[in-house]
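All values below were derived from every heavy atom in this structure, side-chain atoms included, with hydrogens, water molecules and symmetry-related copies excluded. Chain A is the first sequence line, chain B the second, and so forth, proteins listed ahead of strands; every chain is numbered from 1.
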Amino acid sequence: MRPLRDPAKLAAAASSQRHLREIHAHLLVSGRIASPPHLAAFLVSLASSSSESDDGDLSYARLLLPRRPATLLAHNSLLRALARGRRPHLAFGAFRDLPLAPDNYSFTFLVRAATALAAAAASALDAALIAGSVHASALRHGHAADPHVQSGAVSMYAAAGDVGAARAAFAEIASPDVVCVTAMVGALATGGEADAARELFDGMPQRDHVAWNAMIAGYVRTGRSREALRLFDEMRHAGAAVGEVTLVSALTACAQLGALERGKWVHSYAHSRGMRLSVTLGTALIDMYSKCGAVATAMEVFDSMGERNVYTWTSAVSGLAMNGMGRDCLELFKRMESTGVEPNGVTFVAVLRGCSMAGLVDEGRACFDSMKSNHGIDPWLEHYGCMVDLYGRAGRLDDAVNFINGMPLEPHEGVWGALLNASRIHKNVELGQYAMDKLIAIESKNDAAHVLLSNIYADSQNWKGVSNVRNMMKAKGVKKMPGCSAIEVGGKVHEFFVGGKTHPRYKEIEMMLAEMSQRLRLQGYIANTKEVLFDIEEEDKEDAISLHSEKLALAFGLVALPEDMEIRIVKNLRVCEDCHDYTKMISKVFNREIVMRDRNRFHHFKDGACSCRDYW
DNA sequence: GTAGGGTTAG
């Protein structure tokens, strides 16, 4: 082998990772490992991103660190790689063992590692401790005024869940540049203060595309998707550089809203711009299509992707689950296992929910057991909740109770809530009361639970029980969250609330409601009033029910959408039994496909039947 | 010849 003397050529050769060890050996033999220093640093960072340094401890990269002379450049490169790696805490050890005093670069990497750790910390206290000590250390070494450290500190505190500390760190910056302000915008939004974030954003002297992205993502994170999409439009009109990150946030917003038309538009926008279907973009698309009920399209995207990670697979598994395709969900999960992408806790939540939706009790149980035995994951409370739901929905109430009794963790409200819901489905008043007692002991103000219990009583004609629940809610100040249904027409999302009459086209809606009632009556439809929470006069009940938000949205859909178009409705709560029956009938009488997303899942209505087979 | 802010699953 001819000796390589030119550093550039060496670097080019080494950039083929496979040859890294050969180059290393060559350097050792030729005695050139120590110089020039930037080359050593380059090799360290190269080795750091190599898949050969499997465990994330970068043992091979460490071998490349020149001992004499030790350079901060090379050590910083290692810090950088550790901070970005899967085990960021290792950056702390490397930082402690630095042979030279850390500089401002070292601190930016340490801050980055701390940010990752704080975000994953078991408790808020742990997170605050990590963030605080790193910041203090930067201060001691005189690097706290470096803009790179400052912006990092703001995000670090936000990741630690301490917006107050982020604010304080930001306040100390004499003249914050665009990056620092953007970090603060993100920090405020992370802390749920989207309005404060927006104020800061609006006051920015200049904003680049990252600032726009931060604000849009901030709205999405705080559940304000409509504002996110509005800002996305503004961003395009302002001529800022819309990139993949922007589109991913926009897609997440569409997913939250169930806004399929807008979601498709974003998809074709990405396509027309020649954007590659990256893992992140593809995953966001799968999520969006799934949450808009277009699960077939979601799977097309999934199939077309070249690279898929655990998020991608989980999105797809979850999409099938929420659309009630339990068999396909389980099949895809098995495919995932055989592909070698390791599922995590979130994946199991998805597949267990899929089994539960489809009544696949034994299969679900097998998945649950395999979590620990095949994947080394200790089940979370959510997983126990899924199992109670799985047994409970299937009518195996004894198994559900026994399962709870055998839990190694203290059951949380989700577990009792699942039992309560199962009691409702299978009309077991006693068990429902028991679950409710347990639930109230943990979380006394759960509005959904009160409504469920009321429904259980109503179902057994126990009006005294219904009114007791109502009084209990009044006494405790528990308010039923108002039902809201949304429907997208012409790219605009219209929202309806119970009994709402404020829509500009309400006259037409009212006429359509009358037509719907009439045509249903002819088909022998009888209103089901038993799930009405409030004890109003019987004749009013039918009116109250007929104005449930999903019915208003449905009527509007019939009025405003072309006849050959399916009607898609997104509801914030669980759909009530009457509305479910009603929608089934409408799908038959009006010969329309109707897709309804409720709090938990999708209902695909067609020809008088629902994809959930009334099992929800 | 290493740095900072924005993105995906429950």
Side-chain angles (χ1 to χ4, degrees), chain A residues 7 11 36-42 44-45 48 71-81 83-84 103-112 115 143 146-156 158 170 173 176-187 189-190 201 204 207-218 220-221 235 240-241 243-252 255 278-288 290-291 308-319 321-322 343-353 380 382-383 385-386 414 600:
Chain A
H38 66 266
L39 183 60
F42 178 78
V44 169
S45 62
S48 303
T71 66
L72 207 44
L73 183 63
H75 280 272
N76 281 345
S77 294
L78 181 70
L79 274 182
R80 167 180 176 267
R84 290 179 178 182
D103 63 2
N104 45 346
Y105 284 84
S106 321
F107 272 101
T108 57
F109 301 133
L110 193 66
V111 166
R112 188 189 177 103
T115 304
H143 294 301
D146 183 285
H148 292 85
V149 175
Q150 286 172 321
S151 56
V154 170
S155 328
M156 175 175 68
F170 183 69
I173 306 173
D177 62 11
V178 62
V179 177
C180 289
V181 180
T182 304
M184 195 61 219
V185 167
T190 303
F201 175 80
M204 289 176 81
R207 21 183 124 101
D208 58 13
H209 69 282
V210 183
W212 284 95
N213 289 343
M215 193 59 234
I216 292 171
V220 173
R221 264 205 303 277
M235 179 184 180
E244 183 183 310
V245 176
T246 320
L247 298 189
V248 168
S249 284
L251 286 169
T252 308
S278 70
V279 178
T280 315
L281 187 58
T283 303
L285 281 168
I286 292 170
D287 184 51
M288 182 278 292
S290 300
K291 286 181 179 159
R308 308 177 183 115
N309 64 16
V310 62
Y311 284 78
T312 318
W313 283 94
T314 304
S315 260
V317 169
S318 175
M322 71 178 85
N344 61 25
V346 181
T347 320
F348 277 100
V349 171
V351 70
L352 289 176
R353 290 195 67 207
W380 309 337
E382 284 96 320
H383 300 115
C386 287
N600 297 323

(request) Name the nucleic acid region contacted by A/Arg308, choosing base, sugar-phosphate or nothing; use a 4.0 angstrom heavy-atom cut-off, strictly under. (result) nothing
(message) Does A/Phe107 reach a base, just sugar-phosphate, or nothing at all? Heavy atoms under 4.0 Å.
(response) nothing
(message) Taking side chain to side chain donor-acceptor pair (under 3.5 Å) as the definition, give me every residue that meets it alongside A/Asn76, ordered by chain and number, with sequence neighbours left out.
(response) A/Asp103, A/Ser106
(message) If the condition is side-chain contact (heavy atoms from CB on, under 4.5 Å), which residues does A/Glu382 pass it with, not counting sequence neighbours?
(response) A/Val349, A/Trp380
(message) Tell me the interatomic distance from A/Met204, atom CE, to B/dG6, atom C1', rounded to whole angstroms.
(response) 11 Å
(request) Establish whether the base of B/dG4 is bridged to the side chain of A/Asp177 by a donor-acceptor pair shorter than 3.5 Å. (result) yes
(request) Report the nucleotide, chosen from B/dG6, B/dG5, B/dG4, that has the shortest atom-to-atom distance to any side-chain atom of A/Ser151. (result) B/dG4
(request) Check every atom of B/dT7, B/dG10, B/dG5 against the side chain of A/Ala183 and return the nucleotide holding the closest atom. (result) B/dG5
(message) Using a heavy-atom cut-off of 4.0 Å across all strands, would you classify A/Ser315 as base, sugar-phosphate, or nothing?
(response) sugar-phosphate
(request) Classify the side chain of A/Asn213 and the base of B/dG5 as holding, or not holding, a donor-acceptor pair under 3.5 Å. (result) no
(request) Mind checking A/Asn76 for me? I need base, sugar-phosphate or nothing, with any heavy atom below 4.0 Å counting as a touch. (result) base
(message) Regarding A/Ala217, tell me which of base, sugar-phosphate or nothing describes its non-hydrogen contacts under 4.0 Å with the strands shown.
(response) sugar-phosphate
(request) Send over the distance from A/Arg84 CZ to B/dT2 P, rounded to a whole Å. (result) 11 Å
(message) Side chain of A/Asp287 only, heavy atoms from C-beta on: which candidate in B/dG4, B/dG6, B/dA9 is closest?
(response) B/dA9
(message) Between the base of B/dA9 and the side chain of A/Asn309, is there a donor and acceptor pair under 3.5 angstrom?
(response) no
(message) So if I take every side-chain heavy atom of A/Ser155 and compare against B/dG5, B/dT7, B/dA9, which nucleotide ends up nearest?
(response) B/dG5
(message) If you define the side chain from C-beta out and look only at heavy atoms, does anything of A/Pro343 sit under 4.5 Å from A/Trp313?
(response) no
(message) For a quick check of understanding: with a heavy-atom distance under 4.0 Å over all strands, which category does A/Val220 fall into, base, sugar-phosphate or nothing?
(response) nothing
(request) Answer whether the closest heavy-atom distance between the side chains of A/Leu251 and A/Leu281 falls below 4.5 Å. (result) yes
(request) Check whether any side-chain N or O of A/Lys291 sits under 4.0 Å from OP1 or OP2 of B/dG10, and answer yes or no. (result) yes
(request) Could you check whether A/Arg207 gets within reach of a base, just the sugar-phosphate, or nothing at all, counting any heavy atom under 4.0 Å? (result) nothing
(message) Without decimals, in angstroms, what is the distance between A/Met215 CE and B/dG5 C1'?
(response) 14 Å
(message) Without decimals, in angstroms, what is the distance between A/Asp103 CG and B/dT2 C1'?
(response) 9 Å
(message) Please confirm whether the shortest side-chain N or O distance from A/Arg353 to OP1 or OP2 of B/dG10 is below 4.0 Å.
(response) no
(request) Work out which heavy atom in A/Asp287 is nearest to a heavy atom in A/Ala255; give both atom names and the distance. (result) OD2-CB, 3.8 Å
